[in-house]
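A short worksheet on the structure shown next.
Nothing fancy with the numbering, it's 1 onward along the sequence. Values below: every heavy atom of this structure, side chains too, minus hydrogens, waters and symmetry copies.
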Amino acid sequence: MSDILLPPSVVLELTYRCNHRCVFCSCPWYAPQSKYYKGDEMCLEEWKKTIDILYRQGVRSFSISGGEAILKDCMPEVVEYIYVEGLKRRIRNPIVLISNGLAMKEEYLKLFKRCNVHLSMSMPGYNTFKEHTGVDNADGVLGWFDKAKILGLHTTVNITVTRKNYHELFETISMGLVSGATSVLLNRFLPGGRGLSYKNELMLTPKQVNGMLDTAEEVLTLSNRYGNMGTEVAYCSIKEPNKYKHLQIGYQCAAAKGFFVIDPAGFVRTCNHSPHIVGHIFKEPMIKDLNYWNLFAHSECKPSMCNGCKMIFKCDCGCREVANILHGSPNEIDTSIIDKQ
């Protein structure tokens, strides 16, 4: 690993299992006719070994997801281990845990408060919650935001915006904030995983992407809160990029630069959206497919149509993994955000 500088942040996908069946889910193992290799899920001792390796390699920030992370029996022990080992190294970055909230317990909230966990819960619409997830638990999620607020826990309402919930976005963001969420994370729907089967029903139009940003900025301004756009967009697809003061928008892909992913069996990927395995945490070298890794790590996967653009060093023309999933190459155009020209 001497010639590889790992990103400072990692996402640990603790389990393949989930108690939702979200139509927008991008987990690669849920893709139609998926060929993603699902190995045996790692046990607590293997996750501890993984965390030790990552700390030694310079990783400083941990996020926990799945599947549904709370379904992993050793989730509490993994959280505590990250926290305690971080303190030994004088690292006090919050741990981000991403959940759908269905299996949440008050004891978990107390654990999260004790271990400096930032809880992010999914809220893909209120009236359309069941249509998106297969589960009728919108009020349950809002209730957990309220309980987390009482404990003083930092929380984020995580909203994947689709064509089906676009019309209620103002209300969805507002309800999350009123219920106690301290910040907002927007993710435009990205084709991948199970979502590939529903892309024509869920994918936003370019006009709706701009409307999504406008709506979020309006709610955040009214509430004096702040939020982030979690999935990058092409700079040229945004009509007035400088008008957003409360919503931070990303234009560059962070895969293999800002973060990377360890899946439930220890396999390494450039990002959570990617179906491409590049290595394994316990193998030498950890990153075996250097060619693919470096496309992202060195920002070498921009489409040729962007050559000569004045924003070439600040924009990656949308999601590079979506381009790969839809068109067979990360150097292609992300047609979920911009039309081919």
Inset, instruction - Assess the side chains of Thr156 and Asn158: does a donor N or O sit below 3.5 Å from an acceptor N or O? - result: no
Inset, instruction - Report yes or no: does Thr15 contribute a side-chain atom to a donor-acceptor pair with the main-chain N or O of Pro264 at less than 3.5 Å? - result: no
Inset, instruction - Take atom NZ of Lys283 as the centre, draw a 6.0 Å sphere, and report whether it contains more than 12 heavy atoms from other residues, nucleotides or ligands. - result: no
Legend entry - Glu13 side chain to Val261 backbone, donor-acceptor under 3.5 Å: no
What side-chain donor-acceptor pairs closer than 3.5 Å can you find for residues 63-73, not counting sequence neighbours?
from: Glu68; atom 1: OE1; to: Asn100; atom 2: N; distance (Å): 2.8
from: Glu68; atom 1: OE1; to: Asn100; atom 2: ND2; distance (Å): 3.2
from: Glu68; atom 1: OE2; to: Ile70; atom 2: N; distance (Å): 3.2
from: Glu68; atom 1: OE2; to: Ser99; atom 2: OG; distance (Å): 2.8
from: Lys72; atom 1: NZ; to: Glu41; atom 2: OE1; distance (Å): 3.2
from: Lys72; atom 1: NZ; to: Met42; atom 2: O; distance (Å): 2.8

Legend entry - Geometric cation-pi criterion, Lys38 with Tyr16: 6.0 Å, 45°: yes
Legend entry - Tyr83 and Arg92 side chains, donor-acceptor separation under 3.5 Å: no
What donor-acceptor contacts under 3.5 angstrom involve side-chain atoms of residues 286-306, with partners at least two apart or in another chain?
from: Asp289; atom 1: OD1; to: Tyr292; atom 2: N; distance (Å): 3.2
from: Asp289; atom 1: OD2; to: His276; atom 2: NE2; distance (Å): 2.8
from: Tyr292; atom 1: OH; to: Glu321; atom 2: OE1; distance (Å): 3.3
from: Tyr292; atom 1: OH; to: Glu321; atom 2: OE2; distance (Å): 2.6
from: Tyr292; atom 1: OH; to: Asn324; atom 2: ND2; distance (Å): 3.0
from: Asn294; atom 1: ND2; to: Leu290; atom 2: O; distance (Å): 3.3
from: Lys302; atom 1: NZ; to: Ile312; atom 2: O; distance (Å): 2.1
from: Lys302; atom 1: NZ; to: Asp316; atom 2: OD1; distance (Å): 3.4

Inset, instruction - Rounded to the nearest 0.5 Å, what's the gap from CG on Asn242 to OH on Tyr244? Could you check? - result: 10.5 Å
Inset, instruction - Return the minimal non-hydrogen interatomic distance between Tyr55 and Arg60, and the atom names on each side. - result: O-NH1, 3.3 Å
Inset, instruction - Measure from the side-chain N and O atoms of Ser274 to the backbone N and O of Cys271, and report whether any donor-acceptor pair falls under 3.5 Å. - result: no
Inset, instruction - Return yes if some donor-acceptor pair links the side-chain N/O of Glu168 with the main-chain N/O of Asn127 below 3.5 Å, else return no. - result: yes
Inset, instruction - Answer yes or no: does atom NZ of Lys257 have more than 12 heavy-atom neighbours from other residues, nucleotides or ligands under 6.0 Å? - result: yes
Legend entry - Main-chain N/O of Lys239 paired with Asn210 side-chain donor or acceptor, under 3.5 Å: yes
Inset, instruction - Examine distances only and state if a side-chain atom of Lys207 and a backbone atom of Leu204 form a donor-acceptor pair shorter than 3.5 Å. - result: no
Inset, instruction - Answer with yes or no whether the side chains of Tyr126 and Asn165 bring together a donor and an acceptor at under 3.5 Å. - result: no
Inset, instruction - May I ask you to say whether Glu107 pairs ionically with Lys110, meaning some side-chain N is under 4.0 Å from a carboxylate O? - result: no
Legend entry - Arg269 side chain to Ile277 backbone, donor-acceptor under 3.5 Å: no
Inset, instruction - Please indicate whether Arg21 has more than 12 foreign heavy atoms, meaning atoms of other residues, nucleotides or ligands, lying under 6.0 Å from its CZ. - result: no
Inset, instruction - Might you point out which heavy atoms bring Pro32 and Gly193 nearest each other, and give the distance in Å? - result: CD-O, 3.4 Å
Legend entry - Non-hydrogen atoms of Gln208 and Met203 that approach each other most closely: OE1-O, 4.4 Å
Inset, instruction - Using a cut-off of 6.0 Å, state whether more than 12 heavy atoms not belonging to Tyr37 lie near its atom OH. - result: no
Inset, instruction - Indicate whether any N or O donor in one side chain lies under 3.5 Å from an N or O acceptor in the other, for Arg188 and Thr162. - result: no
Legend entry - Side-chain donor-acceptor contact under 3.5 Å, His118 with Thr155: no
Legend entry - CZ/Phe267: more than 12 non-hydrogen atoms of other groups inside 6.0 Å: yes
Legend entry - Check: Asn228 side chain, Gly230 main-chain N or O, donor-acceptor pair, under 3.5 Å: no
Inset, instruction - Using atom types as modelled and distance alone, determine if a side-chain donor or acceptor of Asp334 lies under 3.5 Å from a backbone N or O of Cys319. - result: yes
Legend entry - Heavy-atom closest pair, residues Lys113 and Gly152: NZ-O, 3.1 Å
Legend entry - Any residue meeting side chain to side chain donor-acceptor pair (under 3.5 Å) with Thr172, in chain and number order, not counting sequence neighbours: none
Inset, instruction - Considering non-hydrogen atoms only, spot the tightest contact between Cys315 and Val233 and give its length. - result: SG-O, 4.3 Å
Inset, instruction - Please say whether more than 12 non-hydrogen atoms of neighbouring residues, nucleotides or ligands are located less than 6.0 Å from CG in Asn307. - result: yes
Legend entry - Charged tip of Lys199 within 45° of Phe189 ring normal and under 6.0 Å: no
Legend entry - Main-chain N/O of Gly211 paired to Thr215 side chain as donor or acceptor, under 3.5 Å: yes
Inset, instruction - Check Cys22 against Arg194 and note the closest heavy-atom contact, atom names and distance. - result: O-NH1, 3.0 Å
